[in-house]
Number of protein chains: 2
Amino acid sequence: MAEPMRTRGRPAASPVAAREETPLYELIELLFFAYRDFVGEADRLLESYGFGRAHHRVLHFVNRHPGLTIAALLDILRITKQSLNRVLKELVAKNFIEARAGATDRRHRQLYATETGERLAHDIARLQTRRFATALEEVGPGARETATRFLQAMIDAPERERVMSLIASGRERTK
Amino acid sequence: MAEPMRTRGRPAASPVAAREETPLYELIELLFFAYRDFVGEADRLLESYGFGRAHHRVLHFVNRHPGLTIAALLDILRITKQSLNRVLKELVAKNFIEARAGATDRRHRQLYATETGERLAHDIARLQTRRFATALEEVGPGARETATRFLQAMIDAPERERVMSLIASGRERTK
DNA sequence: GGAATATGTCAACATTGCTGACCTAAATGG
DNA sequence: CCATTTAGGTCAGCAATGTTGACATATTCC
């Protein structure tokens, strides 16, 4: 493997331009393949319902955050309302998601997973959980803690807080 | 946080159906956001060249494996030759990739990144490496080893060997 | 009551997957 | 040497999911 010396602990805040890191090709490619397989598995299940990834993302976050509004969802997914609406309309039509007018402000639409939707969301979460659980077991003790912190650190710094509090605010008990 | 007890080390090979794991929503969502930011950064750079993610994937693997053939590339990316050809044609036209007839079998086309292509591939790899390096530093010593093994374990088991030897066979010195 | 807000919708387009069909050039085997 | 296989290119059309821009509607707020 012959790692050059430059990969020592901390490249020391040397002259900015001089700091040239050895490319971490291994990690770059591993993340590509890991993510591919991670979502590919869900894709296969979704296909049997006539849904795609976009549907899953919507269903997932609505299930995790019952009562979510359109605006909040747009903020999470960072897509346009037109893109969202296309898939959301289908999810509502097929009775996986239900939209109710907001209690206080009737302009808002609050989204809820129906029982059917909850079931599908949970089925996919189970597949993905299984993959994580098996992987973590394989890596050994402490893997979960490290993997969690690692993934957090991979998120754009200015985004991190928002994402973390979003995750923390997911409903605690699902099923 | 109140993690239920079920998340102990190993769920013990109990009756198959009874084993219901607590969904690892935190990891599921972290991976989603981490990957989004990871590729988003590259997307922005690629956009200025009129390229998309598909172009990047091709350029990346050709740069890592000079002399790669079409068939080998199709096998790595798992897309159709029509999809590949669309982006490959553009990469060749814009002089980021060069195709030469195979030395022994002239039916094969061997692909090489041009100097321009190499530069772009490297620029993106640098961005992504920086992200990994910063994240790993943040997590602390041993993070790289654990992250590597974790990502490996997330890949479909039957695929793993193929992927690992592909990664290992990347050219050792890039730039 | 006018302005701002939350959402829906229509039309058009780009990227990147897909299938199916068909074409050429080169190698290979009998 | 000719038929077949192999490697690749290309055309046409379609699907999913992202984008902009423009405009409509209902509701709330000042």
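Computed from a prediction, not measured in an experiment: that's the story for all the values here. Only heavy atoms go into these numbers, but all of them, side chains included; no hydrogens, no water, no symmetry mates. Proteins come first, then strands; the chains are lettered A, B, ... in the order of their sequence lines, and each starts at number 1.
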Please determine, for the side chain of [X], which listed nucleotide ([options]) has the closest atom?
| X | options | value |
| --- | --- | --- |
| D105(B) | dG17(C), dT19(D), dA27(C) | dA27(C) |
| R107(A) | dC18(C), dA26(C), dT28(D) | dT28(D) |
| H108(B) | dC18(C), dA7(D), dG18(D) | dA7(D) |
| Q82(B) | dG8(D), dG17(C), dT10(D) | dT10(D) |
| T69(A) | dA27(C), dG8(D), dT7(C) | dT7(C) |

**Asked** Taking atom types as they are modelled, is there a donor-acceptor pair under 3.5 Å from the base of dG18(D) to the side chain of R78(A)?
**Response** no
**Item:** R53(A) vs K81(A), nearer the 5' end of DNA chain D by closest nucleotide
**Value:** R53(A)
**Prompt:** In terms of the nearest nucleotide of DNA chain D, which residue is placed more toward the 5' end: R57(A) or Q110(B)?
**Reply:** Q110(B)
Whole angstrom is fine here: how far is it from [atom1] in [X] over to [atom2] in [N]?
| X | N | atom1 | atom2 | answer |
| --- | --- | --- | --- | --- |
| L88(A) | dA6(C) | CG | C1' | 14 Å |
| R106(B) | dA27(C) | CZ | C1' | 12 Å |
| E47(A) | dC18(C) | CD | P | 12 Å |
| R36(A) | dT16(C) | CZ | C1' | 14 Å |
| L84(B) | dC18(C) | CG | P | 10 Å |
| R86(A) | dA11(C) | CZ | P | 14 Å |
| N85(A) | dA24(D) | CG | C1' | 14 Å |
| F51(A) | dT17(D) | CZ | C1' | 15 Å |

**Prompt:** Any chance the rings of F38(B) and Y35(A) have centres within less than 6.0 Å?
**Reply:** no
**Under-4.0 Å salt bridge between R44(B) and E47(B)** = no
**Request:** Give a yes or no on whether a salt bridge exists between E41(B) and R36(B), defined as a side-chain N under 4.0 angstrom from a carboxylate O.
**Result:** no
**Request:** Determine: side-chain N/O of H55(A) to OP1/OP2 of dA16(D), distance under 4.0 Å, yes or no.
**Result:** no
**Message:** On the nucleotide dT16(C), are OP1 or OP2 found under 4.0 Å from the side-chain N or O atoms that S83(B) carries?
**Reply:** no
**Request:** Kindly say whether A71(A) contributes a backbone atom to a donor-acceptor pair with the side chain of K81(A) at under 3.5 angstrom?
**Result:** no
**Asked** Is the backbone N or O of A143(A) less than 3.5 Å from a side-chain atom of T146(A), with the two atoms forming a donor-acceptor pair by type?
**Response** no
